[in-house]
Structures are given as C-alpha cells and as structure tokens.
> 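Sharing a structure, written as structure tokens. Questions coming.
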Amino acid sequence: MNAETKSKISKKFQDRRAEVSKEIYENIEKLSNLKTLKEAQVNMLSLRQRLLEDNHTLLEPVTLLRKKYRDERSLEMENISRNLQIRYQANEKNMVIEGRTSATKESLEIFENQITFFNESIKTIDNIIFGIKTRLDIEKTLGL
C-alpha cells in the first residue's frame, strides 16, 4: 500500500471516527429529555449494528495484512540469516526486519486502530443502552 493510499484510508477512518463520536454525543444529549429517550435508544441500537457491520468489514483486510506482515518478516529473517555478509546479533536482526517491514506494519496498525475504535464505541453504546433501560425501569416504577 503506497503512502497516498494510506493517507486516504487514514483520512477516511478519521472522518468516520469523528462522525461516530458526534452521533454518540448527540444521542447522549437526547437522554436528558424523556420525550426523546426512546428515539435515542433506537438510534443507539442502529448505530451499534452499523458499527458491528463496519467492524466485520475490516476484519478481512486486517487478516490479509497480518499474513503479509508475517510473510515479509520471515522472508527478511531468512534473507538476513543467509544472504548477507554482515552478521547481526538477534536484537539487531529484529531492528533491521522491523525497518524493512515497517510499511506493512503501519498499514496494519491503521486498520487495527479503527477496529479498536469500533470495539470501544460498541462498548460505550452497550453501556448507554443499559443506562436507558435502567432509567426507563426506574421511571416505570415511580409511575412517571
């Protein structure tokens, strides 16, 4: 993946994170008003489902990038061990391999960071949904 493609993907992911964060915040604001509580609950469930789908969509490219990264690392290790006149210590080999495979690792980290964001957002939404349910139960008990 070239630098321009990485930049575009990073920007797209950054925009998506901002969009999701904004949507979560807007729905949290709706929780303060009893009239918009149900709407917030529906919106949160919808957003949760969309995030699950987005997260699942990213798993395939991450799997492919992880395989590519492992393959590159093993090829570099083999190359360093067999074909170079210079003899490296184990930690030096690892540093050289890290340097030579850094482009793939950077691509992998971009996707993994997005997956982590989606997972944490889903946990946040789950907590909010639980809070909505609890609030509705309390209000029902109090007869509001």
Side-chain angles (χ1 to χ4, degrees), residues 1-83 88-144:
M1 189 179 313
N2 64 30
E4 185 179 332
T5 304
K6 278 186 211 173
S7 178
K8 285 180 183 178
I9 290 172
S10 284
K11 177 69 173 134
K12 182 179 175 185
F13 285 166
Q14 182 180 12
D15 292 345
R16 182 70 176 126
R17 287 191 299 270
E19 176 186 316
V20 167
S21 296
K22 181 180 179 216
E23 191 170 345
I24 289 172
Y25 181 76
E26 287 171 352
N27 283 299
I28 288 173
E29 285 183 332
K30 290 179 182 179
L31 298 178
S32 62
N33 186 345
L34 192 57
K35 293 177 183 175
T36 58
L37 196 60
K38 291 283 189 188
E39 180 186 348
Q41 186 177 27
V42 169
N43 290 344
M44 286 298 199
L45 288 169
S46 172
L47 178 59
R48 185 182 193 285
Q49 186 60 38
R50 285 182 280 142
L51 290 175
L52 283 171
E53 290 169 9
D54 288 349
N55 201 13
H56 184 71
T57 303
L58 291 178
L59 291 177
E60 184 178 352
V62 164
T63 301
L64 295 173
L65 280 169
R66 283 181 181 148
K67 181 184 181 320
K68 179 181 178 187
Y69 180 62
R70 284 191 307 271
D71 290 346
E72 284 180 4
R73 285 186 60 82
S74 65
L75 280 173
E76 287 299 329
M77 178 59 89
E78 192 174 315
N79 181 41
I80 287 173
S81 298
R82 290 186 181 177
N83 300 331
Y88 291 108
Q89 298 295 325
N91 62 343
E92 293 171 326
K93 284 182 183 179
N94 285 331
M95 288 182 64
V96 171
I97 291 169
E98 285 293 320
R100 292 182 181 175
T101 60
S102 64
T104 303
K105 185 173 185 177
E106 183 182 348
S107 299
L108 178 59
E109 286 174 349
I110 289 169
F111 281 89
E112 286 177 336
N113 288 340
Q114 189 69 13
I115 287 173
T116 300
F117 174 81
F118 285 154
N119 286 334
E120 292 302 315
S121 295
I122 289 167
K123 286 179 189 174
T124 299
I125 291 169
D126 287 344
N127 290 334
I128 292 168
I129 291 170
F130 180 76
I132 293 171
K133 180 190 172 304
T134 303
R135 179 168 177 187
L136 290 174
D137 289 344
I138 290 170
E139 289 176 0
K140 189 183 220 180
T141 304
L142 294 176
L144 299 174

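Reckoned from all heavy atoms, side chains included, excluding hydrogens, waters and symmetry mates.
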> Would you name the heavy atoms of Phe118 and Leu58 that are closest together and state the gap between them?
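Answer, listing the atom of Phe118 first, then Leu58: CE1-CD1, 3.7 Å.
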
> Can you list the steps and then say if Arg100 with Asn79 is a side chain to side chain contact (heavy atoms under 4.5 Å, CB included)?
CA-CA 11 Å; Arg100 292 182 181 175; Asn79 181 41; 3.5 Å; yes

> Is it true that, when you exclude Glu19 itself, more than 12 heavy atoms of the residues, nucleotides or ligands shown sit nearer than 6.0 Å to its CD?
yes

> With a sphere of 6.0 Å drawn around CE of Met95, does it hold more than 12 non-hydrogen atoms of other residues, nucleotides or ligands?
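Open: at most 12 neighbouring heavy atoms sit under 6.0 Å from CE of Met95.
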
> Please check this pair: side chain of Ser7 against backbone of Ala3, looking for a donor-acceptor N/O pair closer than 3.5 Å.
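No, the answer is negative, given that no donor and acceptor are paired below the 3.5 Å cut-off.
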
> Nearest heavy-atom pair of Val20 and Leu47: which atoms, and what distance?
O-CD2, 4.4 Å

> Is it true that a side-chain atom of Thr36 and a backbone atom of Asn33 form a donor plus acceptor pair closer than 3.5 Å?
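At least one qualifying donor-acceptor pair exists.
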
> Measuring only between side-chain heavy atoms, which start at C-beta, is Met1 closer than 4.5 Å to Ile9?
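In contact.
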
> Specify the closest pair of heavy atoms between Ile24 and Met44, including all atoms of both residues, with the distance to one decimal.
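Shortest heavy-atom separation between Ile24 and Met44 comes out as O-CE, 3.7 Å.
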
> Can you tell me if Gln89 has over 12 outside heavy atoms packed within less than 6.0 Å of its CD?
no

> Contact between Ser81 and Lys93 at the side-chain level, heavy atoms closer than 4.5 Å - yes or no?
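A side-chain contact exists here, since the closest heavy-atom pair is under 4.5 Å.
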
> Output all residues satisfying ring-ring contact (aromatic ring centres under 6.0 Å, His included) with Phe13, sequence neighbours left out; order by chain, then residue number.
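With neighbours one apart ignored, the set is Phe111.
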
> Would Glu26 and Lys30 satisfy salt bridge (Lys or Arg N to Asp or Glu O under 4.0 Å), going step by step from the backbone distance to the final call?
CA-CA 7 Å; Glu26 287 171 352; Lys30 290 179 182 179; over 6 Å; no

> Going by atom types alone, do Asn43 and Ser46 pair a side-chain donor with an acceptor below 3.5 Å?
no

> Would Lys8 and Glu4 pass as an ion pair if we require N to O under 4.0 Å?
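Between Glu4 and Lys8 there is a salt bridge, with a charged N closer than 4.0 Å to a carboxylate O.
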
> Mind checking what makes side chain to side chain donor-acceptor pair (under 3.5 Å) contact with Asn127, not counting sequence neighbours?
none

> Is there a side chain to side chain contact (heavy atoms under 4.5 Å, CB included) between Lys67 and Asp71? Walk through the geometry before answering.
CA-CA 6 Å; Lys67 181 184 181 320; Asp71 290 346; 2.9 Å; yes

> Salt bridge check, Lys133 against Asp137: does any charged N sit closer than 4.0 Å to a carboxylate O?
yes

> Ignoring hydrogens, what is the shortest heavy-atom contact between Ile110 and Ser10? Give both atom names and the distance.
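Residues Ile110 and Ser10, closest heavy atoms: CD1-OG, 3.4 Å.
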
> Looking at Glu23 and Arg50, does any basic side-chain N land under 4.0 Å from a carboxylate oxygen?
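Yes, Glu23 and Arg50 are salt-bridged.
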
> Looking at every non-hydrogen atom in both residues, tell me the closest pair between Asn27 and Ala40 and how far apart they are.
O-CB, 3.6 Å

> Is any NZ, NE, NH1 or NH2 atom of the basic residue among Arg73 and Glu76 found under 4.0 Å from an Asp or Glu carboxylate oxygen of the other?
no

> Going by atom types alone, do Thr104 and Glu72 pair a side-chain donor with an acceptor below 3.5 Å?
yes

> In chain order, what residues pass the ring-ring contact (aromatic ring centres under 6.0 Å, His included) check against Tyr69, with sequence neighbours excluded?
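With sequence neighbours excluded, Tyr69 shows a ring-ring contact (aromatic ring centres under 6.0 Å, His included) to no residue whatsoever.
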
> When you look at Asn94 and Met77, which way does the side chain to side chain contact (heavy atoms under 4.5 Å, CB included) test go after all the steps?
CA-CA 8 Å; Asn94 285 331; Met77 178 59 89; 4.3 Å; yes

> How close do Lys6 and Glu106 get, heavy atom to heavy atom, and via which atoms?
NZ-OE1, 3.6 Å

> Walk me through it: do Glu112 and Arg66 pass the test side chain to side chain contact (heavy atoms under 4.5 Å, CB included)?
CA-CA 10 Å; Glu112 286 177 336; Arg66 283 181 181 148; 3.1 Å; yes

> Taking side chain to side chain donor-acceptor pair (under 3.5 Å) as the criterion, tell me which of Arg17, Lys11, Lys12 meets it with Asp15.
Lys11

